[in-house]
Amino acid sequence: MKSDVKPTRARGRFISFEGGEGAGKSTQARLLAEHLGTLGYPTLLTREPGGSAFAEKIRRFLLEGRVKKYGPVAEALLFYTARLDHLNNLILPNMEKGVWVISDRFLDSSRAYQGAASGVEEGIFDALDRLVVGDNQPELTIIVDLPVEVASARVAERQKNENGEVDRFESEDRQFHERLRAGFLEIAANNANRCVIVDGNQSREKVAALIWQLVVERFGLQALT
Ligand code: T5A
């Protein structure tokens, strides 16, 4: 990718990536963080669940499926417990130091996975968002959208190549993943100022170029002359 912009300000920014399993968000979050880093922006790439030490412990618990038997409300509460630690101990301190924080998943994943796909009612997320996230929502959320069958094929291919294990949510059925995708599209429609949908069904390079354009426009990065 061409380095065609230069840093214009010292304040840290907060960008999140969202989408279903295998949509390509981790790939794109990494590419964006690398691009910003090459241009001299101090950048932190982090993830949810996880990021901070305590949240990483909770991540293991959740992704091993050890909380599933207690139901989606219990899972939602643990995701938000991890989020509180992540926000207070990693995201906010870094933003205060002027670091751009790129998070691979954040609050919208709870509304999509535990809400739209698993049936926890919306009001619970409204309350948890007020309590845990407050005004600290990302300034830009990129939702990478991909048809479920394409995403499943990518995940299967990766598992074959890397001999990877299937985690708690990858093992859910097709209907779950369709509800999830619809959930993310609804979140985007309800939060049009913050969320942008990007078509993930194209090459990594094309998706990355689209996202870069969005970031340049959203944050007014100045083109080099
Ligand atoms: N969760 C999380 C909740 O239920 N509630 C919550 O509140 C939160 C925060 C996290 C799990 O936790 C759930 C959601 C998740 O199930 P995770 O291991 O972090 O688990 O898993 P994911 O975030 O889903 O990450 P994945 O790696 O499965 O999906 P990605 O990040 O969308 O996909 P990515 O980039 O790794 O790409 C998948 C494969 O496709 C290839 C990649 O190389 C990779 O092999 N690929 C492409 N192939 C072709 N064309 C492209 N454009 C490609 N882009 C990537």
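We count ligands from 1, going down the list as the structure has it; atoms in each ligand are counted the same way. Start at 1 with the first residue, then count along the sequence.
A distance limit of 4.0 angstrom between heavy atoms and ligand 1 selects the residues G20, E21, G22, A23, G24, K25, S26, T27, E48, P49, R59, L63, F79, R83, R105, S109, S110, Y113, Q114, R154, R158, D167, F169, E170, Q202, S203, R204.
No donor-acceptor contact under 3.5 angstrom links the side chains of T27 and R204, judged on distance only. Side chain to side chain, E21 and Y113 meet the donor-acceptor criterion of an N or O pair below 3.5 Å.
Using a 4.0 Å cut-off between charged side-chain N and carboxylate O, E178 and R181 make no salt bridge.
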Let's go through R111 and D126 carefully: what are the C-alpha distance in whole Å and the side-chain angles of both, what is the deciding distance for salt bridge (charged side-chain N to carboxylate O under 4.0 Å, His left out) to 0.1 Å, and is it a yes or a no? CA-CA 9 Å; R111 213 173 267 265; D126 295 339; 2.9 Å; yes
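Among residues two or more places apart in sequence or in another chain, the side chain to side chain contact (heavy atoms under 4.5 Å, CB included) test is passed with E139 by R11, R13, F14, M95, F219.
C195 and A188 get closest at one heavy-atom pair: CB-CA, 3.8 Å.
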